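Below is one structure, written out as structure tokens, with a few remarks after it.
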Protein chains: 2
Amino acid sequence: MISSTVENYLKELFLLDPRSEKQIATGELAKVLCVTPGSATSMIKTLAQSGLVEHRPHYGVKLTEQGRNLAVHVVRRHRIVELFLVNILGMDWGEVHDEAEQLEHVVSDDVITRMDELLGHPTHDPHGDPIPTPEGEIPERSLQLLSFCNEGDNVAIARIGNQDAAFLKFAEDNGLLLGASIEIKHRNDIADSITIQSQGKEVVLGLAAAGRIEVEDV
Amino acid sequence: MISSTVENYLKELFLLDPRSEKQIATGELAKVLCVTPGSATSMIKTLAQSGLVEHRPHYGVKLTEQGRNLAVHVVRRHRIVELFLVNILGMDWGEVHDEAEQLEHVVSDDVITRMDELLGHPTHDPHGDPIPTPEGEIPERSLQLLSFCNEGDNVAIARIGNQDAAFLKFAEDNGLLLGASIEIKHRNDIADSITIQSQGKEVVLGLAAAGRIEVEDV
DNA sequence: TGGCTCCTTTTGGTTAGTCAAAAGTTTACT
DNA sequence: AGTAAACTTTTGACTAACCAAAAGGAGCCA
């Protein structure tokens, strides 16, 4: 049996590098998992023994094919649960993450399949992140940072990279919801700002903030 | 934080004696939890130190007020989850128990509240067992064993005590579903049988089987 | 009262996961 | 090249939960 601790290590490795190309530093992994570096090292060693990661001491760690596969399924469970909590149980975008964090380790594949069906086989979760398929494929979209858009572009909001509650509230208050279609009115590199129109309302954003919002061409 | 192991010990103590009146034997508790008696003893000792149970060495163990309270809430979570899996996700009566066994330890009160709402504040789960309220009250019904009913009685099926899959299938096939109203046609103590009519169909049951079915006067 | 059986408790050992602090590497700068 | 800073690994120790097997009551029957 695979413990939830192991699932968390694998999941975070995946989230830090979805393609599993880079060597992730022990300390970085330790930080996101809120454990000491020493704890991470020893867990990495046992993961390596099980063939779930490849460990080059002092250089870093990387998921193996097998490890990545497990991780992807944890992420699938997490995102389906999140979407389920929001769409079916009516919970808030902000409060579902921690809940899903727990549930992802105990819900069976059967339950996930049924939730998936009830949700209509969604491809992306409430944060705009892709939901891996049961086979482990990750649906790709060609996203672009809002900060790279040009005047006149018509795009739809696909993902908000900043999980900060205040930022999410600001986005929500200004109609910058997932799927909302917006038009780029002005772009001023000198003033470091971009002006967009969403649902008739004009909003001015700094380019740094715009860099946290990903959009899809429509 | 209270571990799921502790929750399981408390829950099983509650299920073995819902009123928490008797002293439960260590060995009995160990058996339902599938642990050795020694393991049970040592956990009982730590539970006693936390004030969750009262332990009289060599005589038995009993939930305290506080322990029973926690146990009742675990049971509430379990039963609401079960009902949710059956009614909302369309799972089978038989397959939800193990799933709920896992989920009961991780779902938050918020999620339970929302499920409860979605289900219409049910008072009993798919097995006919009562669902404790958020305050810990246990809705009582005055149930009677089908084997004690007399000719002419009109009753509704409230609970099936036998969890055996074959028995459940037999019951289902003969229209003996939760809530179904039936009439007692004949009762023959010599032949040890009882004849009932449900939805026009007559079914003959041995009194032993009838003793596993509980009914409510209508 | 002794002895027998059944059950409970104790004892000693294991595993997974953690931390704190010591020891060892790498890198980067002079 | 030499050294300090930054990071990683090792070491030793802890906790929760478990098991197997030895030791310790309790009740019963002669």
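This structure is a prediction, so every number in the text was calculated from the model and none was measured. Below, chain A is the first sequence line, B the second, and so on; all start at residue 1.
The line from CE of Met43(B) to OG of Ser3(B) is 5.5 Å long, rounded to the nearest 0.5 Å. Interatomic distance, CG of Leu103(A) versus CZ of Arg77(A), reported as 11.0 Å (0.5 Å rounding). Distance check, rounded to the nearest 0.5 Å: CG of Leu33(B) to OG1 of Thr5(B) gives 9.5 Å. Note: Leu52(B) CG to Ile44(B) CD1 = 12.5 Å, rounded to the nearest 0.5 Å. Note that CG of Asn69(B) and CD of Glu135(B) are 11.0 Å apart. Values are rounded to the nearest 0.5 Å. Once rounded to the nearest 0.5 Å, the distance linking CG of Asp153(A) with CZ of Arg187(A) reads 9.5 Å.
Of the residues in residues 30-46 of chain A, those placing a heavy atom less than 4.0 Å from an atom of DNA chain D are Pro37(A), Gly38(A), Thr41(A), Lys45(A), in numerical order.
Mapping Tyr59(A) and Ser4(A) onto DNA chain C by nearest heavy atom places Ser4(A) closer to the 5' end of the strand.
Atom OH in Tyr9(B) sits roughly 14 Å away from atom P in dA16(D) (whole-Å rounding). At whole-Å resolution of the value, NE2 in His105(B) and P in dA16(D) are 18 Å apart. Atom pair Leu29(A):CG and dC7(D):P shows a separation of 15 Å (rounding to whole Å applied). Rounded to a whole Å, the NE2 atom of His58(A) is 12 Å from the C1' atom of dA6(D). As a whole-Å value, the separation of Leu47(A) CG from dT18(C) P is 11 Å. Between the P atom of dT15(C) and the CD atom of Gln49(A) lies a distance of 13 Å, rounded to the nearest Å. Look at CD on Glu28(A): it is 17 Å from P on dA6(D), rounded to the nearest Å.
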Verdict with supporting geometry, Ser108(A) and Glu99(B), side chain to side chain donor-acceptor pair (under 3.5 Å) = CA-CA 7 Å; Ser108(A) 70; Glu99(B) 190 87 32; 2.6 Å; yes
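When distances are taken from the side chain of Thr26(A) to each of dA17(D), dT9(D), dT8(C), the shortest belongs to dT9(D). When distances are taken from the side chain of Thr5(B) to each of dT9(D), dA17(D), dG17(C), the shortest belongs to dA17(D).
In terms of phosphate contacts, His55(B) brings a side-chain nitrogen or oxygen within less than 4.0 Å of OP1 or OP2 of dT9(C).
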